[in-house]
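Here the structure comes first, spelled out in C-alpha coordinates, and everything after it is commentary.
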Protein chains: 2
Amino acid sequence: MTKTLKAEDKIKEAARSLFIEKGYEATRTRDIAEKSGINLALLNYYFKSKSQLFEMIMLETFQHFMKGVLSTLNDPNTSLTEKLEQFVDSYIDMLMSQPNLPYFIIGELKNKPGHLLEIIQQKETILQSVFFQQLRAKMPDTSPQASMQILVNLTSLTIFPFLAKPMIKGISHMSDPEFKKMMLERKKLIPKWIKMILDN
Amino acid sequence: MTKTLKAEDKIKEAARSLFIEKGYEATRTRDIAEKSGINLALLNYYFKSKSQLFEMIMLETFQHFMKGVLSTLNDPNTSLTEKLEQFVDSYIDMLMSQPNLPYFIIGELKNKPGHLLEIIQQKETILQSVFFQQLRAKMPDTSPQASMQILVNLTSLTIFPFLAKPMIKGISHMSDPEFKKMMLERKKLIPKWIKMILDN
DNA sequence: GTCTATATTCCGATAGAC
DNA sequence: GTCTATCGGAATATAGAC
(Lines give C-alpha, C1' and ligand atoms only; values in the text may rest on other atoms or scores of the structure.)
Protein backbone atom coordinates (compact mmCIF):
# COMPACT_ATOMS: atom_id res chain seq x y z
CA MET A 1 0.00 0.00 0.00
CA THR A 2 2.50 2.56 1.18
CA LYS A 3 5.06 1.07 -1.16
CA THR A 4 3.00 1.72 -4.22
CA LEU A 5 2.75 5.46 -3.65
CA LYS A 6 4.16 7.69 -6.32
CA ALA A 7 7.17 9.81 -5.47
CA GLU A 8 5.02 12.91 -5.21
CA ASP A 9 2.79 11.31 -2.61
CA LYS A 10 5.68 9.76 -0.73
CA ILE A 11 7.15 13.23 -0.30
CA LYS A 12 3.84 14.63 0.83
CA GLU A 13 3.26 11.93 3.42
CA ALA A 14 6.76 12.27 4.85
CA ALA A 15 6.42 16.03 4.90
CA ARG A 16 3.04 15.90 6.61
CA SER A 17 4.40 13.64 9.31
CA LEU A 18 7.45 15.80 9.95
CA PHE A 19 5.67 19.16 9.79
CA ILE A 20 3.06 17.96 12.28
CA GLU A 21 5.70 16.49 14.57
CA LYS A 22 8.23 19.33 14.56
CA GLY A 23 6.59 22.35 12.97
CA TYR A 24 7.60 24.26 9.87
CA GLU A 25 10.78 25.94 11.05
CA ALA A 26 12.33 22.88 12.67
CA THR A 27 11.65 20.58 9.73
CA ARG A 28 14.52 20.16 7.23
CA THR A 29 13.87 19.42 3.58
CA ARG A 30 16.70 16.87 3.77
CA ASP A 31 14.78 15.01 6.46
CA ILE A 32 11.67 14.96 4.32
CA ALA A 33 13.67 13.54 1.42
CA GLU A 34 15.33 10.92 3.57
CA LYS A 35 12.11 9.85 5.28
CA SER A 36 10.26 9.54 1.99
CA GLY A 37 13.12 7.60 0.43
CA ILE A 38 13.39 9.92 -2.55
CA ASN A 39 15.87 12.52 -3.62
CA LEU A 40 15.96 16.03 -2.27
CA ALA A 41 15.81 17.57 -5.75
CA LEU A 42 12.42 15.97 -6.37
CA LEU A 43 10.90 18.00 -3.58
CA ASN A 44 11.54 21.18 -5.48
CA TYR A 45 10.65 19.53 -8.77
CA TYR A 46 7.17 18.67 -7.55
CA PHE A 47 6.45 21.40 -5.03
CA LYS A 48 8.69 24.30 -6.04
CA SER A 49 9.67 25.18 -2.46
CA LYS A 50 9.46 24.10 1.15
CA SER A 51 6.98 26.84 1.92
CA GLN A 52 4.61 25.86 -0.89
CA LEU A 53 4.74 22.24 0.18
CA PHE A 54 3.91 23.32 3.69
CA GLU A 55 1.04 25.49 2.54
CA MET A 56 -0.53 22.59 0.67
CA ILE A 57 -0.19 20.22 3.60
CA MET A 58 -1.56 22.71 6.09
CA LEU A 59 -4.63 23.36 3.96
CA GLU A 60 -5.31 19.65 3.49
CA THR A 61 -4.80 18.87 7.16
CA PHE A 62 -7.03 21.68 8.28
CA GLN A 63 -9.78 20.86 5.81
CA HIS A 64 -9.73 17.25 6.92
CA PHE A 65 -9.95 18.40 10.52
CA MET A 66 -12.93 20.64 9.87
CA LYS A 67 -14.65 17.94 7.85
CA GLY A 68 -14.35 15.61 10.84
CA VAL A 69 -15.84 18.18 13.19
CA LEU A 70 -18.75 18.85 10.89
CA SER A 71 -19.54 15.21 10.22
CA THR A 72 -20.42 14.88 13.89
CA LEU A 73 -21.99 18.28 14.47
CA ASN A 74 -24.13 18.11 11.34
CA ASP A 75 -25.64 14.66 11.75
CA PRO A 76 -29.46 15.13 11.52
CA ASN A 77 -30.12 11.71 13.03
CA THR A 78 -28.60 12.24 16.48
CA SER A 79 -29.83 14.13 19.50
CA LEU A 80 -27.88 16.90 21.16
CA THR A 81 -26.79 14.54 23.90
CA GLU A 82 -25.65 11.95 21.39
CA LYS A 83 -23.67 14.58 19.51
CA LEU A 84 -21.88 15.62 22.67
CA GLU A 85 -20.99 12.02 23.42
CA GLN A 86 -19.86 11.29 19.88
CA PHE A 87 -17.82 14.45 19.63
CA VAL A 88 -15.93 13.81 22.84
CA ASP A 89 -15.51 10.11 22.15
CA SER A 90 -14.15 10.48 18.64
CA TYR A 91 -11.95 13.46 19.49
CA ILE A 92 -10.33 11.86 22.48
CA ASP A 93 -9.62 8.77 20.40
CA MET A 94 -8.16 10.92 17.68
CA LEU A 95 -6.03 12.97 20.07
CA MET A 96 -4.66 9.85 21.72
CA SER A 97 -3.50 8.47 18.39
CA GLN A 98 -2.31 11.80 16.97
CA PRO A 99 -1.03 13.76 19.95
CA ASN A 100 0.88 16.29 17.87
CA LEU A 101 -2.05 17.36 15.75
CA PRO A 102 -3.48 19.98 18.12
CA TYR A 103 -0.08 21.63 18.55
CA PHE A 104 0.20 21.85 14.79
CA ILE A 105 -3.27 23.27 14.16
CA ILE A 106 -3.18 25.68 17.09
CA GLY A 107 0.34 26.82 16.30
CA GLU A 108 -0.13 27.34 12.61
CA LEU A 109 -3.48 28.99 13.03
CA LYS A 110 -1.69 31.55 15.15
CA ASN A 111 0.97 32.26 12.53
CA LYS A 112 -1.27 32.43 9.50
CA PRO A 113 -4.76 33.43 10.58
CA GLY A 114 -5.67 34.82 7.18
CA HIS A 115 -5.45 31.79 4.96
CA LEU A 116 -7.60 29.52 7.01
CA LEU A 117 -10.44 31.86 7.69
CA GLU A 118 -11.63 31.15 4.19
CA ILE A 119 -11.93 27.48 5.01
CA ILE A 120 -13.63 28.08 8.34
CA GLN A 121 -16.07 30.54 6.93
CA GLN A 122 -17.02 28.54 3.89
CA LYS A 123 -20.81 28.53 3.95
CA GLU A 124 -20.65 29.34 7.66
CA THR A 125 -21.15 25.67 8.24
CA ILE A 126 -20.52 25.40 11.95
CA LEU A 127 -22.81 28.23 13.03
CA GLN A 128 -25.52 26.73 10.87
CA SER A 129 -24.91 23.13 11.83
CA VAL A 130 -27.59 20.88 13.27
CA PHE A 131 -25.64 20.97 16.51
CA PHE A 132 -26.06 24.73 16.80
CA GLN A 133 -29.74 24.55 15.90
CA GLN A 134 -30.26 22.00 18.64
CA LEU A 135 -28.25 24.12 21.05
CA ARG A 136 -30.29 27.23 20.38
CA ALA A 137 -33.51 25.28 20.73
CA LYS A 138 -32.33 24.13 24.13
CA MET A 139 -31.39 27.65 25.27
CA PRO A 140 -34.08 29.86 23.74
CA ASP A 141 -33.89 32.63 26.29
CA THR A 142 -30.18 33.32 26.02
CA SER A 143 -28.13 35.37 23.64
CA PRO A 144 -26.67 33.84 20.47
CA GLN A 145 -23.25 34.18 22.09
CA ALA A 146 -24.32 31.75 24.79
CA SER A 147 -24.28 28.79 22.43
CA MET A 148 -20.82 29.78 21.26
CA GLN A 149 -19.69 29.67 24.88
CA ILE A 150 -20.95 26.09 25.04
CA LEU A 151 -18.96 25.08 21.97
CA VAL A 152 -15.88 26.77 23.42
CA ASN A 153 -16.39 24.81 26.63
CA LEU A 154 -16.78 21.54 24.78
CA THR A 155 -13.60 21.98 22.76
CA SER A 156 -11.64 23.40 25.71
CA LEU A 157 -12.45 20.48 27.99
CA THR A 158 -11.70 17.98 25.25
CA ILE A 159 -8.58 19.35 23.55
CA PHE A 160 -6.68 21.38 26.13
CA PRO A 161 -5.70 18.46 28.39
CA PHE A 162 -3.72 17.00 25.48
CA LEU A 163 -1.90 20.29 24.92
CA ALA A 164 -1.13 20.54 28.62
CA LYS A 165 -0.18 16.86 28.91
CA PRO A 166 3.46 17.50 29.96
CA MET A 167 2.33 19.90 32.66
CA ILE A 168 -0.47 17.67 33.90
CA LYS A 169 1.87 14.72 34.10
CA GLY A 170 4.48 16.79 35.91
CA ILE A 171 2.09 18.29 38.45
CA SER A 172 0.30 15.07 39.31
CA HIS A 173 3.19 12.62 38.84
CA MET A 174 1.23 10.60 36.34
CA SER A 175 2.62 7.91 34.07
CA ASP A 176 1.54 7.67 30.45
CA PRO A 177 -0.99 4.89 31.13
CA GLU A 178 -2.42 6.90 34.01
CA PHE A 179 -2.79 9.92 31.77
CA LYS A 180 -4.52 7.80 29.18
CA LYS A 181 -6.86 6.44 31.82
CA MET A 182 -7.69 9.97 32.93
CA MET A 183 -8.56 10.97 29.36
CA LEU A 184 -10.73 7.90 28.87
CA GLU A 185 -12.56 8.85 32.04
CA ARG A 186 -13.21 12.28 30.58
CA LYS A 187 -15.11 10.62 27.73
CA LYS A 188 -17.93 10.04 30.17
CA LEU A 189 -17.43 13.14 32.29
CA ILE A 190 -17.29 15.90 29.68
CA PRO A 191 -20.73 15.24 28.15
CA LYS A 192 -22.16 15.08 31.65
CA TRP A 193 -20.57 18.40 32.59
CA ILE A 194 -21.72 20.11 29.41
CA LYS A 195 -25.28 18.95 30.02
CA MET A 196 -25.11 20.30 33.56
CA ILE A 197 -24.05 23.66 32.20
CA LEU A 198 -26.85 23.56 29.64
CA ASP A 199 -29.49 22.69 32.20
CA ASN A 200 -28.15 25.14 34.75
CA MET B 1 13.57 53.14 32.65
CA THR B 2 14.01 50.93 29.65
CA LYS B 3 16.76 53.22 28.43
CA THR B 4 18.91 52.70 31.47
CA LEU B 5 19.11 48.94 31.08
CA LYS B 6 22.55 47.47 30.69
CA ALA B 7 23.40 45.81 27.40
CA GLU B 8 23.03 42.38 28.92
CA ASP B 9 19.49 43.12 30.05
CA LYS B 10 18.57 44.82 26.81
CA ILE B 11 19.50 41.65 24.97
CA LYS B 12 17.53 39.52 27.36
CA GLU B 13 14.41 41.63 27.10
CA ALA B 14 14.53 41.68 23.31
CA ALA B 15 15.16 37.95 23.24
CA ARG B 16 12.31 37.22 25.61
CA SER B 17 9.92 39.23 23.49
CA LEU B 18 10.98 37.55 20.25
CA PHE B 19 11.17 34.02 21.60
CA ILE B 20 7.68 34.32 23.06
CA GLU B 21 6.31 35.86 19.88
CA LYS B 22 7.90 33.55 17.32
CA GLY B 23 9.37 30.57 19.15
CA TYR B 24 12.95 29.38 19.32
CA GLU B 25 13.46 28.12 15.79
CA ALA B 26 11.94 31.11 14.03
CA THR B 27 13.84 33.69 16.06
CA ARG B 28 17.11 34.97 14.55
CA THR B 29 19.97 36.17 16.72
CA ARG B 30 20.36 39.07 14.31
CA ASP B 31 16.77 40.13 15.08
CA ILE B 32 17.47 39.99 18.80
CA ALA B 33 20.51 42.22 18.34
CA GLU B 34 18.64 44.69 16.17
CA LYS B 35 15.64 44.88 18.50
CA SER B 36 17.82 45.39 21.55
CA GLY B 37 19.86 48.05 19.79
CA ILE B 38 23.16 46.35 20.55
CA ASN B 39 25.64 44.42 18.51
CA LEU B 40 25.25 40.82 17.52
CA ALA B 41 28.65 39.88 18.93
CA LEU B 42 27.55 40.91 22.41
CA LEU B 43 24.92 38.21 22.45
CA ASN B 44 27.61 35.57 22.33
CA TYR B 45 29.84 37.55 24.66
CA TYR B 46 27.21 37.56 27.39
CA PHE B 47 25.27 34.37 26.75
CA LYS B 48 27.68 32.14 24.87
CA SER B 49 25.05 30.87 22.42
CA LYS B 50 21.50 31.29 21.23
CA SER B 51 20.44 28.05 22.89
CA GLN B 52 21.83 29.03 26.28
CA LEU B 53 20.12 32.40 26.08
CA PHE B 54 16.88 30.63 25.29
CA GLU B 55 17.30 28.17 28.11
CA MET B 56 17.71 30.97 30.61
CA ILE B 57 14.69 32.87 29.33
CA MET B 58 12.50 29.81 29.27
CA LEU B 59 13.37 28.93 32.84
CA GLU B 60 12.72 32.45 34.06
CA THR B 61 9.45 32.73 32.19
CA PHE B 62 8.21 29.40 33.38
CA GLN B 63 9.19 30.00 36.98
CA HIS B 64 7.41 33.33 36.93
CA PHE B 65 4.34 31.64 35.50
CA MET B 66 4.31 28.94 38.17
CA LYS B 67 4.86 31.49 40.88
CA GLY B 68 1.78 33.34 39.72
CA VAL B 69 -0.34 30.21 39.75
CA LEU B 70 0.78 29.29 43.22
CA SER B 71 0.30 32.73 44.70
CA THR B 72 -3.41 32.35 44.05
CA LEU B 73 -3.81 28.66 44.76
CA ASN B 74 -1.82 28.80 47.97
CA ASP B 75 -3.50 31.75 49.65
CA PRO B 76 -4.61 30.55 53.10
CA ASN B 77 -6.97 33.51 53.53
CA THR B 78 -9.38 32.84 50.68
CA SER B 79 -12.17 30.33 50.29
CA LEU B 80 -12.34 27.83 47.48
CA THR B 81 -14.88 29.96 45.68
CA GLU B 82 -12.72 33.06 46.05
CA LYS B 83 -9.73 31.17 44.68
CA LEU B 84 -11.69 30.11 41.63
CA GLU B 85 -12.77 33.68 41.00
CA GLN B 86 -9.30 35.12 41.55
CA PHE B 87 -7.64 32.50 39.38
CA VAL B 88 -9.95 33.07 36.44
CA ASP B 89 -9.92 36.83 36.85
CA SER B 90 -6.17 37.23 37.01
CA TYR B 91 -5.48 34.69 34.28
CA ILE B 92 -7.89 36.16 31.79
CA ASP B 93 -6.39 39.59 32.44
CA MET B 94 -2.92 38.17 31.94
CA LEU B 95 -3.85 36.32 28.77
CA MET B 96 -5.47 39.40 27.28
CA SER B 97 -2.30 41.42 27.77
CA GLN B 98 0.13 38.63 26.83
CA PRO B 99 -1.67 36.60 24.19
CA ASN B 100 1.45 34.81 22.98
CA LEU B 101 2.48 33.47 26.36
CA PRO B 102 0.34 30.32 26.34
CA TYR B 103 1.57 29.33 22.88
CA PHE B 104 5.12 29.68 24.13
CA ILE B 105 4.67 27.71 27.31
CA ILE B 106 2.58 24.98 25.73
CA GLY B 107 4.88 24.71 22.73
CA GLU B 108 8.14 24.62 24.61
CA LEU B 109 6.82 22.28 27.24
CA LYS B 110 6.12 19.87 24.40
CA ASN B 111 9.65 20.10 23.00
CA LYS B 112 11.57 19.88 26.24
CA PRO B 113 9.49 18.09 28.84
CA GLY B 114 12.51 17.07 30.88
CA HIS B 115 13.92 20.40 32.00
CA LEU B 116 10.78 21.83 33.39
CA LEU B 117 9.58 18.89 35.36
CA GLU B 118 12.12 19.84 37.98
CA ILE B 119 10.46 23.21 38.41
CA ILE B 120 6.96 21.80 38.45
CA GLN B 121 7.81 19.11 40.90
CA GLN B 122 9.74 21.29 43.27
CA LYS B 123 8.27 20.46 46.65
CA GLU B 124 5.17 19.18 44.85
CA THR B 125 3.68 22.55 45.58
CA ILE B 126 0.52 22.40 43.51
CA LEU B 127 -0.72 19.04 44.72
CA GLN B 128 -0.13 20.22 48.28
CA SER B 129 -1.51 23.71 47.83
CA VAL B 130 -4.30 25.12 49.92
CA PHE B 131 -6.48 25.00 46.83
CA PHE B 132 -6.10 21.24 46.58
CA GLN B 133 -6.72 20.76 50.28
CA GLN B 134 -9.92 22.75 49.98
CA LEU B 135 -10.90 20.78 46.89
CA ARG B 136 -10.41 17.43 48.57
CA ALA B 137 -12.35 18.60 51.60
CA LYS B 138 -15.21 19.49 49.29
CA MET B 139 -15.15 16.11 47.51
CA PRO B 140 -14.34 13.63 50.28
CA ASP B 141 -15.98 10.62 48.68
CA THR B 142 -14.20 10.74 45.35
CA SER B 143 -10.79 9.53 44.21
CA PRO B 144 -7.72 11.78 44.41
CA GLN B 145 -7.81 11.93 40.60
CA ALA B 146 -11.16 13.69 40.78
CA SER B 147 -9.65 16.91 42.12
CA MET B 148 -7.07 16.80 39.34
CA GLN B 149 -9.92 16.65 36.85
CA ILE B 150 -11.28 19.84 38.40
CA LEU B 151 -7.96 21.65 38.00
CA VAL B 152 -7.76 20.45 34.41
CA ASN B 153 -11.25 21.80 33.80
CA LEU B 154 -10.41 25.13 35.36
CA THR B 155 -7.30 25.66 33.26
CA SER B 156 -8.91 24.28 30.10
CA LEU B 157 -11.88 26.63 30.28
CA THR B 158 -9.63 29.59 31.08
CA ILE B 159 -6.64 29.13 28.78
CA PHE B 160 -7.83 27.21 25.73
CA PRO B 161 -10.09 29.93 24.31
CA PHE B 162 -7.01 32.15 23.91
CA LEU B 163 -5.14 29.42 22.07
CA ALA B 164 -8.13 28.84 19.82
CA LYS B 165 -8.79 32.54 19.34
CA PRO B 166 -8.21 32.56 15.56
CA MET B 167 -10.58 29.64 15.13
CA ILE B 168 -13.24 31.05 17.44
CA LYS B 169 -13.12 34.37 15.66
CA GLY B 170 -13.34 32.66 12.30
CA ILE B 171 -16.23 30.39 13.19
CA SER B 172 -18.35 33.01 14.88
CA HIS B 173 -17.36 36.06 12.80
CA MET B 174 -16.23 37.92 15.89
CA SER B 175 -14.21 41.11 15.94
CA ASP B 176 -11.41 41.61 18.41
CA PRO B 177 -13.56 43.68 20.78
CA GLU B 178 -16.30 41.07 20.62
CA PHE B 179 -13.80 38.35 21.46
CA LYS B 180 -12.56 40.40 24.37
CA LYS B 181 -16.10 40.87 25.58
CA MET B 182 -16.68 37.14 25.39
CA MET B 183 -13.60 36.47 27.51
CA LEU B 184 -14.63 39.05 30.08
CA GLU B 185 -17.99 37.35 30.30
CA ARG B 186 -16.20 34.07 31.00
CA LYS B 187 -14.71 35.66 34.11
CA LYS B 188 -18.10 35.31 35.73
CA LEU B 189 -19.18 32.13 33.98
CA ILE B 190 -16.20 29.82 34.56
CA PRO B 191 -16.27 29.97 38.39
CA LYS B 192 -20.00 29.35 38.26
CA TRP B 193 -19.54 26.33 35.99
CA ILE B 194 -16.77 24.87 38.10
CA LYS B 195 -18.91 25.18 41.21
CA MET B 196 -21.76 23.43 39.43
CA ILE B 197 -19.42 20.56 38.57
CA LEU B 198 -18.20 20.42 42.14
CA ASP B 199 -21.71 20.37 43.59
CA ASN B 200 -22.97 17.93 41.00
C1' DG C 1 11.21 11.71 -13.66
C1' DT C 2 15.15 10.92 -11.03
C1' DC C 3 19.63 11.57 -9.57
C1' DT C 4 24.55 13.96 -8.48
C1' DA C 5 26.82 17.88 -7.80
C1' DT C 6 26.82 22.57 -6.93
C1' DA C 7 25.17 27.16 -6.32
C1' DT C 8 23.26 30.49 -3.09
C1' DT C 9 21.50 32.27 0.78
C1' DC C 10 21.20 32.50 5.55
C1' DC C 11 22.55 32.12 10.21
C1' DG C 12 25.19 31.29 14.42
C1' DA C 13 29.52 32.17 16.17
C1' DT C 14 34.24 34.22 16.57
C1' DA C 15 38.63 36.92 15.76
C1' DG C 16 40.59 40.98 16.56
C1' DA C 17 40.72 46.17 16.69
C1' DC C 18 39.43 49.82 19.75
C1' DG D 1 32.69 46.00 26.97
C1' DT D 2 31.61 47.08 22.40
C1' DC D 3 32.05 47.08 17.63
C1' DT D 4 33.44 45.62 12.50
C1' DA D 5 34.43 42.17 9.65
C1' DT D 6 34.40 37.61 8.59
C1' DC D 7 34.41 32.62 9.12
C1' DG D 8 32.35 28.14 8.76
C1' DG D 9 28.53 25.46 8.52
C1' DA D 10 23.88 24.41 7.46
C1' DA D 11 19.80 24.66 4.75
C1' DT D 12 17.17 25.68 0.58
C1' DA D 13 17.14 25.60 -4.12
C1' DT D 14 18.88 24.75 -8.88
C1' DA D 15 21.77 23.17 -12.97
C1' DG D 16 22.52 19.65 -15.74
C1' DA D 17 23.54 14.65 -16.77
C1' DC D 18 21.03 10.43 -17.42
Side-chain angles (χ1 to χ4, degrees), chain A residues 1-61 100 103-104 107-108 110-112 115, chain B residues 1-61 100 103-104 107-108 110-112 115:
Chain A
M1 215 39 174
T2 315
K3 280 238 163 190
T4 63
L5 284 178
K6 290 175 186 171
E8 187 174 355
D9 294 321
K10 287 192 206 169
I11 297 171
K12 223 157 95 175
E13 281 319 301
R16 184 192 318 278
S17 152
L18 286 170
F19 280 142
I20 289 179
E21 178 191 344
K22 303 155 77 105
Y24 177 75
E25 297 282 348
T27 296
R28 306 295 155 215
T29 53
R30 279 175 172 76
D31 297 336
I32 298 176
E34 191 188 355
K35 178 156 191 168
S36 59
I38 56 87
N39 191 274
L40 171 58
L42 282 203
L43 190 151
N44 296 79
Y45 175 75
Y46 282 117
F47 301 98
K48 182 67 186 169
S49 73
K50 178 190 177 185
S51 62
Q52 281 189 233
L53 172 57
F54 179 76
E55 188 80 6
M56 177 176 307
I57 286 173
M58 199 181 57
L59 281 176
E60 286 183 8
T61 303
N100 285 321
Y103 292 99
F104 178 76
E108 294 307 328
K110 170 201 168 205
N111 296 333
K112 349 232 175 184
H115 299 169
Chain B
M1 215 37 172
T2 313
K3 280 237 165 191
T4 63
L5 285 177
K6 291 174 185 173
E8 187 174 355
D9 294 321
K10 286 193 206 167
I11 297 171
K12 221 158 98 175
E13 282 319 301
R16 186 191 318 279
S17 152
L18 286 170
F19 281 141
I20 290 179
E21 178 191 344
K22 303 157 76 107
Y24 177 75
E25 297 282 349
T27 297
R28 309 292 156 217
T29 53
R30 279 172 171 79
D31 296 336
I32 297 175
E34 191 188 356
K35 178 155 191 168
S36 60
I38 56 86
N39 191 274
L40 171 59
L42 282 204
L43 189 152
N44 296 81
Y45 174 76
Y46 282 117
F47 301 98
K48 183 66 185 171
S49 72
K50 177 190 177 185
S51 62
Q52 279 188 234
L53 173 57
F54 179 76
E55 190 79 6
M56 175 177 308
I57 286 173
M58 200 181 56
L59 281 176
E60 285 182 10
T61 303
N100 285 323
Y103 292 99
F104 178 76
E108 294 306 330
K110 171 201 168 206
N111 297 333
K112 349 231 175 187
H115 300 169

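Letters A, B, ... are given to chains in the order of the sequence lines, protein chains preceding strands, and every chain is numbered from 1. Basis for what follows: all heavy atoms, side chains included, without hydrogens, waters or symmetry-related copies.
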Short side-chain N/O contact to C/dG12 OP1/OP2 from B/R28, under 4.0 Å: yes
Pairing residues for A/K22 by the side chain to side chain contact (heavy atoms under 4.5 Å, CB included) criterion, not counting sequence neighbours: A/L18, A/A26, A/T27
Length of the NZ-C1' vector between A/K50 and D/dA10, whole Å: 12 Å
Sugar-phosphate only, base, or nothing, as touched by A/S51 at under 4.0 Å among non-hydrogen atoms: nothing
B/E25 CD to C/dC11 P, straight-line distance once rounded to whole Å: 12 Å
Between C/dA13 (C1') and B/Q52 (CD): distance, integer Å: 13 Å
Ring centres under 6.0 angstrom apart (A/F54, A/F19): yes
Pairing residues for B/N100 by the side chain to side chain contact (heavy atoms under 4.5 Å, CB included) criterion, not counting sequence neighbours: A/K110, B/I20, B/E21, B/Y103
Spacing between A/I11 atom CD1 and D/dA13 atom P, to the nearest angstrom: 13 Å
Under-4.0 Å side-chain N/O to phosphate OP1/OP2 contact, A/T29 with D/dA11: no
Partners meeting side-chain hydrogen bond (donor to acceptor under 3.5 Å, both in side chains) with A/K12 (sequence neighbours left out): A/E60
Among C/dG12, D/dT14, C/dT14, the one nearest A/K48 by side-chain distance: D/dT14
Where protein sits on nucleotides 2-8 of chain D, one letter per nucleotide: B base, S sugar-phosphate only, - none, heavy atoms under 4.0 Å: BBB----
All pairs passing salt bridge (Lys or Arg N to Asp or Glu O under 4.0 Å) where residues 30-55 of chain B contributes a residue, at least two apart: none
Sequence-distant partners of A/T61, side-chain hydrogen bond (donor to acceptor under 3.5 Å, both in side chains), two or more places apart: A/R16
Separation of atom CG in B/L43 from atom C1' in C/dT14, rounded to whole Å: 13 Å
N-O pairing of B/E13 and B/K6 below 4.0 Å: no
Nucleotide of D/dA13, C/dG12, C/dA13 approaching A/N44 most closely (side-chain heavy atoms): D/dA13
Atom pair distance, as rounded to whole Å: CG in B/L18 and P in C/dG12: 12 Å
Protein-nucleotide distance (B/D9, atom CG; D/dG1, atom C1'), rounded to Å: 14 Å
